[in-house]
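Here the structure is laid out as structure tokens; the discussion comes afterwards.
Each chain gets a letter, A, B and so on, in the order its sequence line appears, and its residues count up from 1. Just so you know, these numbers use all the heavy atoms, side chains as well, and skip hydrogens, waters and symmetry mates. For clarity, every value in this text was computed on a predicted model and none was experimentally measured.
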Protein chains: 2
Amino acid sequence: MSVANTAVSSQVGPPASNGPCGDDHCGIRDVLDRLGDRWTVLVIVELSKGVRRFRELERAIPGISQRMLTLTTKRLCRDGLVQRTAYPTIPPQVDYRLTPMGRSLAEMVNALADWSRDHMDAMADARADWDAEQEVPQHSPR
Amino acid sequence: MSVANTAVSSQVGPPASNGPCGDDHCGIRDVLDRLGDRWTVLVIVELSKGVRRFRELERAIPGISQRMLTLTTKRLCRDGLVQRTAYPTIPPQVDYRLTPMGRSLAEMVNALADWSRDHMDAMADARADWDAEQEVPQHSPR
DNA sequence: CTGCATCCCACGAGATACTG
DNA sequence: CAGTATCTCGTGGGATGCAG
């Protein structure tokens, strides 16, 4: 797929149904703001593997706090990406699963993860290179 | 396009097994941390349209400050996603362009933007729905 | 087990001023 | 024009404790 100088794919704003902000980045921010935080993506990835209970998520995502897990899942529910089901048992039991929309987002995220895996070495390399170039108060690069 | 498993859509749920990358979330974080901040994505999108000078970027991205533009472009350069070219003229002139790797990332970002446009209405709807449900001590929404 | 509230700190990011 | 340096502030997010 040639993407060379022609931007990517849908740079051209659809004339009718879209183009609220004159600029190109209409609703991108909306999604990116969700994906931007530290945990949302990880929760989505985990839930893409199947239904999970609260504690299961917590254990599956090392480092997340209850607070953050609660907030994250709540936001995802609010956005219609995750469905929460609570059983009025004792002790209480709640499980979370992706909605169809959530699953389609998960696909995107996974594509990104794929890309990430494919390029992370190149990025690390470039970074090291750049760092070295900036860091030479003395000379003799090696 | 990718290397390994694509599409998480198949809700594989190996019993007590982990997903694509063992247990950790590979380098997703690495990429997401970049995409997470407020401006990186917008800069990438803008640069996906072609070579841009510093001021051009600044004007093209309403709301960004010089500081943030400098930091963002610098990070992108460091990661090998953007190439910076400075001409020792007076006044100084610098331009930025995506590297091949940067362009491939731009494709991903654009796919995400695409998805976003496709689903933002559904998300807004779900959000309103959820909000209403939480906010109504009384019922009969008349 | 789930979830919410509070305190608190670190960091992203805006505004402004200055250099080359 | 391009970039750096400071100061400040809002907020994301960790730790802890309480409640259903």
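- A salt bridge links A/R75 to A/D37: one of the charged nitrogens lies within less than 4.0 Å of a carboxylate oxygen.
- Of the side-chain N and O atoms in A/R55, one or more sit less than 4.0 angstrom from OP1 or OP2 of C/dC1.
- Residues A/R127 and B/D79 are paired through a salt bridge, judged by an N-O separation under 4.0 Å between the basic side chain and the carboxylate.
- In this structure, A/L71 atom CG and C/dC4 atom P are separated by 8 Å, rounded to whole Å.
- Considering only the side chain of A/D37, D/dG13 comes nearest among C/dA13, D/dG20, D/dG13.
- Atom C1' of nucleotide C/dG14 and atom CD of B/E58 are separated by 13 Å, given to the nearest angstrom.
- Computed from coordinates, the B/I64 CD1 to C/dG14 P distance equals 7 Å when rounded to whole Å.
- Nearest-nucleotide assignment on DNA chain D puts the 5′-proximal partner with A/G36, out of A/Q66 and A/G36.
- Not one side-chain nitrogen or oxygen of B/R67 sits closer than 4.0 Å to the OP1 or OP2 atom of D/dA5.
- D/dC1 atom P lies 16 Å from atom CZ of B/R52, rounded to whole Å.
- Separating the CD atom of B/E56 from the C1' atom of D/dC1 is a distance of 12 Å, rounded to the nearest angstrom.
- Taking 4.0 Å as the cut-off between side-chain N and carboxylate O, A/R55 and A/E58 count as a salt-bridged pair.
- With rounding to whole Å, B/I90 atom CD1 is found 13 Å from C/dG20 atom P.
- Going from atom CG of B/L69 over to atom P of D/dT4 covers 11 Å, rounded to whole Å.
- Among the nucleotides D/dG20, C/dG14, C/dG20, the one closest to any side-chain atom of B/S65 is C/dG14.
- In the set C/dT2, C/dC4, C/dA13, C/dC4 carries the atom at the smallest distance from any side-chain atom of A/T70.
- You'll find that the side chain of A/R38 is closest to D/dG13, out of D/dG13, C/dT2, D/dA2.
- Classification of B/R117 and B/D114 as a salt-bridged pair holds, one side-chain N sitting under 4.0 Å from a carboxylate O.
- When distances run from any side-chain atom of B/P91 to the nucleotides D/dG20, D/dC1, C/dA13, the shortest one goes to D/dC1.
- Contacts of A/Y96 with the nucleic acid, taken as non-hydrogen atoms under 4.0 Å apart, involve only primed sugar atoms and P, OP1 or OP2.
- A/F54 has its CZ atom 7 Å from the P atom of C/dT2, to the nearest Å.
- When distances are taken from the side chain of B/V94 to each of C/dG14, C/dT2, D/dA2, the shortest belongs to D/dA2.
- Of the listed nucleotides (C/dG14, D/dC1, C/dT2), C/dT2 has the atom at the smallest distance from the side chain of A/R53.
- In this structure B/R67 satisfies the side chain to side chain donor-acceptor pair (under 3.5 Å) test with no other residue, sequence neighbours excluded.
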